[in-house]
Structure formats: structure tokens, C-alpha cells
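A, B, ... follow the sequence lines: proteins, then strands. Residue 1 opens every chain.
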Amino acid sequence: MADFDQILVGEEWEDTDLSLLETFDHVLNRGLVIAGEITISVANIDLIFLGLNVLVSSVESAHETLRKREATE
Amino acid sequence: MKLYVYCLAEGVDRLHKTPHGVSGAPVRIAHFQDLSAVVSVCKDFRVTRKNVLAHHEVVQSITERTTPLPARFGTLVTVEQLSHYVSTHHQAIKAKLSHVHGRVEMNVRMIETIDGAKTPQENETVPGPGTAFLLEKQREILCRQAGTAQKEQLTAWLREKLGELIKEEKISLSPSQTVILARADHLIERDNVQEYRTKMTKAVDERPDIRFMVSGPWPPYSFANIELEFSRQFGVS
């Protein structure tokens, strides 16, 4: 299997922190939806691929929402 | 008891060098007929960066042996819910696994400046609320029209560059006033990853007007969901 962490940016294949952001984008925003209501969705939260800070903020927001939901269950 | 689900797969009977899962929990296989669910028993699940990466690493380790259907991060279900899901979606899951078998996902992100894009000027008169509303509606309509046309051009261009490598594609666009941000998700054969990279490297050279970011191979996150297919098959909206 080819290296997962390389990204073509411009003309060069690089090992880069952008691959971390891409990982987050895939794992958080895509994939098989099994349950009708899953932990991360909180789906009204737009996990916008703009930068790590924004993404971390969105994940933290999701965490907070989950905490509140657990408190009411 | 809740299970955290990483992915569904076929022909996975045992785990081999699978990393620890979310919250450090061990990863296990739950068998449902001829399908396998890769799961962890989860008592304390939190949305953290570490757990996001743990999810991906588990899915990636399975993808090294076979192509699974990655579950979305945060999928917590009971055994009964998972069993019910697999049994009611069995045909669709098998069909999807067959479709992604031996394949991986590649992604291309493109940023293109819109020709003649208007940038705000410092001395521009601020429109009144009514005018601003109408201008915004006009902008939305124009963006939508430009986006549709751009999507068709982009799809055609990528197909021309990558040809038969693409087994399935998804294109999405996010136009703004000044740029169009496009994303193409491609499902390709595992053996064609290097050829895909070579062809994309050449394509990047041909379009200096566009900024590219190509990544992969990934497990097929973008091609895993089957809910819509299930709805189509059984007429459920």
C-alpha cells in the first residue's frame, strides 16, 4: 500500500501536516452512517476544511454538545 | 453495552497488528452472517483529536488487507442495533463491498480564482438593506449557475486526464465571490495509485491557473455510505 501521508501540493509530493487535516476531513465528514443518530452529528456542525484551528473548534463544539446530551439522558 | 464501529468488512476473521482503538480500547471483530464489523466495546467515548486518529488508524490497518466500508467517526450502537442494521442492509452492504473491493480513494482539491472576480473596494458605497438583500440573492444565483458549469467542465477535464482509472467519482463545489473551491473524490484500483499520481502530476503542470492538492490513497470513506441506495432499493425516502 502506498504511503498514506503524502500529498501533492503544487508539483511535489510531500509529507505534510496537511495530511492530518485531510485525515480529519475524511474521518469526521464521510463514511458509512449506521445509526440514525450518531455521536458526531451533531451533523449540523459544519466541519469546514479551512484549517486545524477551525476544525479543532468544531470538534470541541461537538464534544460540548455530546456532553450536554449525555447529561439529559 | 455500546459498541464503537470502525468499519464493516468481508473475509476478516482475525486481527493482525491492529492498533488500539478509541479511548485506548482493544479492537475486536463481531461476526454477522458472512460479514464482519470491526468494533471496540466503548464505555467512555469522547470526541477528541486522539480518538479521531485512532479511528483512522484502525480503518487503515484493515484496509491494508482488504477494502472495508469505513464507518463515520463516532458511530456508537448497541449489539442489537448493529445486528439489525447488518441483517436489514445485508444485500446493499455486500453490493457496496463488492464495488469497493480492491479499490482505494484518491482526492483532488482545486482552488480557482473566478475571472473578473470583484473584490470589495474601500470607498465603495454600502448598499441599503433592501438592495443588499437583492444583490446577495443575485450573487447566489450567479454562483450556482457558475458552479454548475464549472462542475461539468471540471468533471470532463479530470476524466480526460485520468480516463479509465476512475471507477467512481464525486465532485463537489463551493463557489464564493472570488474563488471556486472544488473537490473530486475518485475510487480507483489499488494497483493504479502510482499511475494516478503520475497523471495528476502532469495535469497539475498544465493548469498553472489552479492550485491543486492531491491526497491518497485513503480507505473509501467517500464511497462507503449506502443509506441512499437502501432508500432507492426499497422506495424509502
Side-chain angles (χ1 to χ4, degrees), chain A residues 1-43 45-70 73, chain B residues 4-5 7-8 37 45-49 52-53 55-56 59-60 63-64 68-78 81-82 85-86 89 93 96 104-105 107-109 174 181 183 185 190 193-194 197 200-201 204-205 211-227:
Chain A
M1 169 76 59
D3 184 40
F4 274 78
D5 291 331
Q6 286 200 318
I7 284 186
L8 174 63
V9 182
E11 298 177 354
E12 297 293 324
W13 288 95
E14 303 174 2
D15 294 327
T16 169
D17 286 340
L18 286 173
S19 63
L20 179 63
L21 298 177
E22 282 283 347
T23 300
F24 277 31
D25 184 53
H26 279 85
V27 172
L28 293 172
N29 202 29
R30 290 152 200 272
L32 183 63
V33 176
I34 291 177
E37 193 182 324
I38 61 175
T39 300
I40 194 61
S41 88
V42 289
I45 294 175
D46 290 331
L47 297 169
I48 300 170
F49 184 79
L50 284 180
L52 185 58
N53 288 341
V54 172
L55 193 56
V56 167
S57 172
S58 296
V59 169
E60 286 172 356
S61 296
H63 187 186
E64 187 54 36
T65 304
L66 175 61
R67 271 183 149 170
K68 284 178 185 170
R69 197 173 78 175
E70 283 174 350
E73 280 177 358
Chain B
Y4 183 92
V5 184
C7 59
L8 298 182
F45 171 73
R46 292 186 182 278
V47 179
T48 65
R49 172 182 169 147
V52 171
L53 293 176
H55 175 107
H56 179 64
V59 174
Q60 184 174 324
T63 308
E64 285 170 6
L69 298 182
R72 190 167 293 201
F73 177 75
T75 300
L76 275 172
V77 292
T78 63
Q81 282 175 320
L82 185 56
Y85 178 85
V86 173
H89 292 67
I93 295 172
K96 184 62 76 169
V104 291
E105 177 177 332
N107 304 123
V108 182
R109 289 181 189 272
S174 303
L181 175 62
R183 176 186 174 131
D185 305 318
R190 282 176 186 248
V193 169
Q194 194 48 52
R197 286 181 167 189
M200 274 311 304
T201 305
V204 167
D205 284 344
R211 176 138 177 93
F212 288 88
M213 193 170 78
V214 182
S215 68
W218 302 94
Y221 283 95
S222 301
F223 302 95
N225 208 13
I226 65 170
E227 204 55 47

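- Between the CD1 atom in A/Ile34 and the CG atom in B/Leu69 there is a gap of 9.0 Å [rounded to 0.5 Å].
- The ring pair (Phe, Tyr, Trp, His ring centres under 6.0 Å) test applied to B/Tyr4 returns B/Tyr6, B/Phe45, B/His55, not counting sequence neighbours.
- Summarising the geometry, atom CZ belonging to B/Arg72 is positioned 9.5 Å from atom CG belonging to A/Leu28; distances are rounded to the nearest 0.5 Å.
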Please determine whether side-chain contact (heavy atoms from CB on, under 4.5 Å) holds for the pair A/Leu32 and B/His89, giving the CA-CA distance in whole Å, both sets of side-chain angles, and the decisive distance to 0.1 Å. CA-CA 12 Å; A/Leu32 183 63; B/His89 292 67; over 6 Å; no
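- A/His26 is not listed as a side-chain neighbour of B/Val59, based on a closest heavy-atom distance of 4.5 Å or more.
- Contacts between B/Leu82 and chain A at a heavy-atom distance below 4.5 Å involve the side chain alone, from C-beta outward.
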Apply side-chain contact (heavy atoms from CB on, under 4.5 Å) to residues B/Trp218 and A/Thr23 and explain how you reach the verdict.
CA-CA 9 Å; B/Trp218 302 94; A/Thr23 300; 3.5 Å; yes
- Mind running side-chain contact (heavy atoms from CB on, under 4.5 Å) on A/Phe24 and B/Arg49 for me, showing each step along the way? CA-CA 8 Å; A/Phe24 277 31; B/Arg49 172 182 169 147; 3.4 Å; yes
